[in-house]
Amino acid sequence: MDKSKIPADQRQALGALLDDHRAVKKLFKDFEGAKDESRKRSIAAETCSQLTVHAEIEEEIFYPSLRDMSDEIDDMLDEAKVEHQVAKDLMAILESQPDAEVMEATYKVLSEYVGHHVEEEETEMFKAVIKAKINLRDVAGRMASRKDELVSATA
Ligand SMILES: [Fe+2]
Ligand SMILES: [Fe+2]
């Protein structure tokens, strides 16, 4: 999804989420290219912390702001919530410091799973939000300040 093509009412909010998606996808790639186990573990830890902040912002602010706009979007939100839970279960395995094989296998499943979730958000949910002309200007500001809080709390 091209940020410059997003209408102004949705650009800042969706743009921030797109940036998060790009950052996590880059970590998935970095993991694939990482040679040693300690590097892989540190990328996995960074992935979990970024995904946790991202999921929290979506669940606390972004998803609720889309509720009751349409049945189609409500169904997407229900599905997204379940997908977040599955991702959290996978991250809990990673955060339990499993042995190298389990860590690598779990990370691989997490990256494929989150890749799919992100794809659905961008190609279905974000598109539906733009089509429904939902004004997200205030939401964008709340998302940004919540992100600052969460990032400084985890730093
Ligand atoms: Fe999400
Ligand atoms: Fe997302």
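Numbers here simply count residues along the sequence, with the first being 1. Order of appearance sets the numbers: ligands from 1, and atoms from 1 within every ligand. Computation of the quantities below employed the complete heavy-atom set of this structure, encompassing side-chain atoms and omitting hydrogens, waters and symmetry-equivalent molecules. Small disclaimer: the values here were computed from a predicted structure and weren't measured.
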Nearest-0.5 Å distance, OG of residue S49 to CD of residue E95
9.0 Å
Tell me how many protein N, O or S atoms are closer than 2.8 Å to the Fe ion (ligand 1).
5
Step-by-step ring-ring contact (aromatic ring centres under 6.0 Å, His included) determination, Y63 to H84:
CA-CA 12 Å; Y63 292 168; H84 278 203; 5.2 Å; yes
Going by distance alone, is a donor N or O of one side chain under 3.5 Å from an acceptor N or O of the other, for H117 and E121?
yes
Quick one: do D30 and K25 make a salt bridge, cutoff under 4.0 Å?
no
Ion pair present between E37 and R41, side-chain N to carboxylate O less than 4.0 angstrom?
yes
List for me each residue that meets salt bridge (charged side-chain N to carboxylate O under 4.0 Å, His left out) alongside K29, sequence neighbours excluded, and say none if there are none.
none
Just give me the atom name: the N, O or S atom of H21 closest to the Fe ion (ligand 2).
NE2
